Amino acid sequence: MGIRTRLHAYDRLAATLGVLVALALLPVQLFVSHIYAETIPLVVGGASLVYLLGTRRQTATRPFTLPPIAAHALPPVVCFGSSALILLAHTQGSRTSVFYLFAAALGTLVLTQILFVDDADCHTGVLLGQVILLSAVIRFASLLTTPGFVGIDVWVHIPRFTQGMLSANSIGGMGSTKYVMAPLYHLLVGTTAMFADVSLRTALYLSLGLAMPFSAVFIYLLTRTLVPTRWALFAVALYALSDSVVRWGIHLIPTSLGLIFFLAILYLVVRIMQQDTGLRDTLLLLLFFLAQAFTHQVSSFITLVLLLAGWLTRLGIGSGLFDRQLGDGDSGFDLDGPGAIPFGGYFVFNLGLLTLIWSLTPYYGQPFLKTAFLFFWNSIGGGLSDVAGPGSGGGGAGASGAGPTLVEFLALNFDTIGFLLLLFGATIGSLYALRRGRTNQAILTLVAAVGLMMVFTLLPPLVGVGTFLSGRWFAFLYAGMAVMTAVGFEYLRRGLSPKAFLVLLLVFLAAYPMVMTASPKATVDSPMMENERPRYSFSEQELAARETILATTTGSPQDPIFTDHPYTAVLNPPDQPRFGTARIPPGGVAQHDEVLYREYQRTGAPIFRTGEGAQRVYQIERDALCHGQYETLYTNGDVTYCRAA
């Protein structure tokens, strides 16, 4: 009897271990200063404790219900408010702090409806439409108010690769790049431009730009197979408003298209495990494997990790490891039902496909597979990285050098807070997946996938390994975390007291839309903390200067022209860097032969080198770069090109 009791409480055992491990890791903060090392144990421990409190009762009492008049009035408010967001962005010329506050308020109204409307007023189409509308407006307000493109990589993919392909009427027109074996993104944009007779910029927004908000529907379809409709809507709202997803909705590169294919694959995998499906679904899944392989290497590897998680889960179930602990009754898991998905075959097929394609993909004069392995091997020996990149949490404090206030610190770490909120919900959902009789292969696969992806997302940067481009994993990781958060909150609705559950929901309503909408990752075009975070978009004058400088100067890797990052990134041709990041000691002046100054260096968050291998956000005056020893060769009022006299 004692053994059976322990087996029935497998989820509570895991939650208890979560609390104990969190307590044991508290001293780690004395030796490791990384924000995730300091906060993740606390969040996981807190979520485990809340889960344990929720196992004490099972009730279906609703904590609060909106009156019918509010339920009917809020959808028009959100729709008209979304229209006002576009007008606000157009009037102010960009997305500003006021825009982010207004957008967050609308996000809160959408979540309020999802969580608190009465069942009779919970219309799926109306609520899902509001989520897609708001997420689309947040993205297109950025795209339509930004000259050129948002981000850096897109300046290579569109004006260079896609235009080169169209000019040569051949994929070979992209030149010597790894994307000759992954051209689907460029073919999509190029084909749209040809058939719609529009510019490449417009074609990008009409194709991939429009597809990104609607791709969140896959999250709804996926979650609906696991929880009731209300919580499926909750999951899609969490996902669509998350910062990393917004980021790839405004910085439209192959990662964006790879994310769409990943969501389709994730949905099909869960669908096949949950329902009796035929050959059509299997062929469709294989088709998406092929499409993603010909779109983006990182996205394909992330999908491989998903399939690995499913295969490992399948092996565990096949071995009987979970039957007594988690199975329902004496039969345990049904290995011959719809959940009997051949994950091993899918994993091996995808691994073989990627190995073949990557062996034929050119990358730095060698096959992509060999070059990627060499990069990984070299980065292992590199040790911990001591340079804070442009998007890290270690941004400088501007020209003053003063430390940020508490409010500024929170704003600078909105992305971390958003991740921790999802981690809290996903932890509860994962613990619930371990409850006896309440689990299946699909939900265990999601738990394993979230765990493996979190390892690839958080661990490599801590040890200085950049080969996996871990920063690009968050949007993919958030798909699983949003689903598991919905599963966890659906459990807490029955497990916690109505008042305690209401408090938890109010915290999410108040915090989540704000931290995600104004997160540094979601605002690369116009950061909320504009003096602390670099702006990865450029004014018309900066773009005009770019064209003139590229056409009239002869900088080279041996004799570059120096300016700030990220301006160097949009100036540099990918095959022959001609521009470098200027070295300006705090309080000193540049000592380079040729320099580019722009007004953003005085008012924004430019990044300069301060010494050998060190760089930080540092505002300067014009005299620090173009001082008295320089002659002005070009200026358009915003950008100035100077050369040592």
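Small disclaimer: the values here were computed from a predicted structure and weren't measured.
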OG of S470 to CE of M454, rounded to nearest 0.5 Å, is 13.0 Å

Donor-acceptor pair, side chain of R201 and main chain of G148, under 3.5 angstrom | yes

Minimum heavy-atom distance M212-V245, with the two atoms named | CE-O, 4.4 Å

For V150, does its backbone N or O pair with a side-chain atom of S537 as donor and acceptor, under 3.5 Å?
-> no

Residue pair Y536, H251: steps toward the ring-ring contact (aromatic ring centres under 6.0 Å, His included) verdict | CA-CA 9 Å; Y536 289 91; H251 186 195; 8.3 Å; no

Verdict with supporting geometry, L446 and V487, side chain to side chain contact (heavy atoms under 4.5 Å, CB included) = CA-CA 11 Å; L446 287 173; V487 171; over 6 Å; no

Pair S199, T202: side-chain N/O donor-acceptor within cut-off below 3.5 Å = yes

Using a 4.5 Å cut-off on heavy atoms from C-beta on, say whether the side chain of I417 contacts that of L420.
-> no

Could you tell me whether the side chain of L101 reaches within less than 4.5 Å of the side chain of M514, counting heavy atoms only?
-> yes

Nearest atoms (heavy-atom pairs only) where I584 meets L625 = CD1-CD1, 3.6 Å

What are the two closest non-hydrogen atoms of I265 and L306, and how far apart are they?
-> CG2-CD2, 4.3 Å

Backbone of L188 reached by a side-chain donor or acceptor of S207 within 3.5 Å = no

Test L263 against V217 for side chain to side chain contact (heavy atoms under 4.5 Å, CB included), laying out the working first.
-> CA-CA 9 Å; L263 295 180; V217 174; over 6 Å; no

Answer yes or no: is there a side-chain heavy-atom contact under 4.5 Å between F474 and T457?
-> yes

Under 3.5 Å, side chain of D121 to main-chain N/O of V117, donor-acceptor pair present?
-> no

Looking only at atom types and distance, does a side-chain atom of S142 sit under 3.5 Å from a main-chain N or O of I138, one as donor and one as acceptor?
-> no

Heavy-atom side-chain contact between L127 and C122 under 4.5 Å | yes

Looking at Y239 versus Y478, is the centre-to-centre ring distance below 6.0 Å?
-> no

Can you list the steps and then say if V305 with W473 is a side chain to side chain contact (heavy atoms under 4.5 Å, CB included)?
-> CA-CA 11 Å; V305 172; W473 287 59; 3.9 Å; yes

Kindly say whether G604 contributes a backbone atom to a donor-acceptor pair with the side chain of E530 at under 3.5 angstrom?
-> no

Nearest-0.5 Å distance that lies between atom CD1 in I253 and atom OG1 in T295 = 12.5 Å

Partners of H296 by side-chain hydrogen bond (donor to acceptor under 3.5 Å, both in side chains), sequence neighbours excluded?
-> T255, S299

Sub-4.5 Å side-chain heavy-atom contact between L571 and Y567 = yes

What is the distance from atom OG of S135 to atom CZ of F214, rounded to the nearest 0.5 Å?
-> 8.5 Å

Hey, can you tell me if F489 and F424 have their rings parallel, tilted or perpendicular (30° and 60° cut-offs)?
-> perpendicular

Roughly how far, to the nearest 0.5 Å, is the CZ atom of F508 from the CG atom of L504?
-> 6.5 Å

Do F456 and F468 have their ring centres less than 6.0 Å from each other?
-> yes

Classify the side-chain pair S519/D415 by whether it contains a donor and acceptor separated by less than 3.5 Å.
-> no

Have a look at R598 and tell me which of D564, D638, T603 forms a side chain to side chain donor-acceptor pair (under 3.5 Å) with it.
-> D564

Do Y491 and Y51 have ring centres separated by under 6.0 Å?
-> yes

Salt-bridge criterion met for R472 and D153 (N-O under 4.0 Å) | yes

Flag side-chain contact, heavy atom, 4.5 Å: L226 against V483 | yes

Between T517 and T523, the two heavy atoms sitting closest are O-CG2, 3.5 Å

Examine the side chains of Q541 and N636 and answer whether a donor and an acceptor come within less than 3.5 Å of each other.
-> no

How many angstroms lie between atom CG of L502 and atom CG of L115, to the nearest 0.5 angstrom?
-> 10.0 Å

Can you tell me if R602 uses its side chain to pair, donor with acceptor, with the backbone of E621 under 3.5 Å?
-> no

Pair T223-L233, side chain to side chain contact (heavy atoms under 4.5 Å, CB included): steps then yes or no = CA-CA 8 Å; T223 315; L233 292 168; over 6 Å; no

So do I40 and L423 actually touch side chain to side chain, heavy atoms under 4.5 Å?
-> yes

Is there a donor-acceptor pair under 3.5 Å between the side chain of S94 and the backbone N or O of S526?
-> no

Is the side chain of Y185 donor-acceptor paired with the backbone N or O of L252 at a distance under 3.5 Å, no angle test?
-> yes

Electrostatic pair D525-R95, nearest N-O below 4.0 angstrom = yes

Proximity of F234 and W231 rings by center, below 6.0 Å | yes

Could you check whether the rings of F140 and Y205 sit parallel, tilted or perpendicular, using 30° and 60° as the cut-offs?
-> perpendicular

Answer with yes or no whether the side chains of T65 and D118 bring together a donor and an acceptor at under 3.5 Å.
-> no

Pair F538 + Y600: ring centers closer than 6.0 Å | no

Any side-chain donor near an acceptor of the partner, Q601 and T563, under 3.5 Å | yes

Atom CD of E38 with >12 non-hydrogen neighbours under 6.0 angstrom | yes

Scanning both residues in full, the closest heavy-atom pair of R247 with G471 reads NH1-O, 3.7 Å

Flag the pair L106 / S82 as yes when at least one side-chain heavy-atom distance between them is below 4.5 Å, and no otherwise.
-> yes

Look up atom CD1 in I219 and atom CZ in R224, then write down how far apart they are to the nearest 0.5 Å.
-> 15.5 Å

Polar side-chain atom of T108 near backbone of A104 as donor-acceptor pair, under 3.5 Å | yes

Correct closest heavy-atom pair for L134 and L241 would be CD2-CD2, 4.2 Å

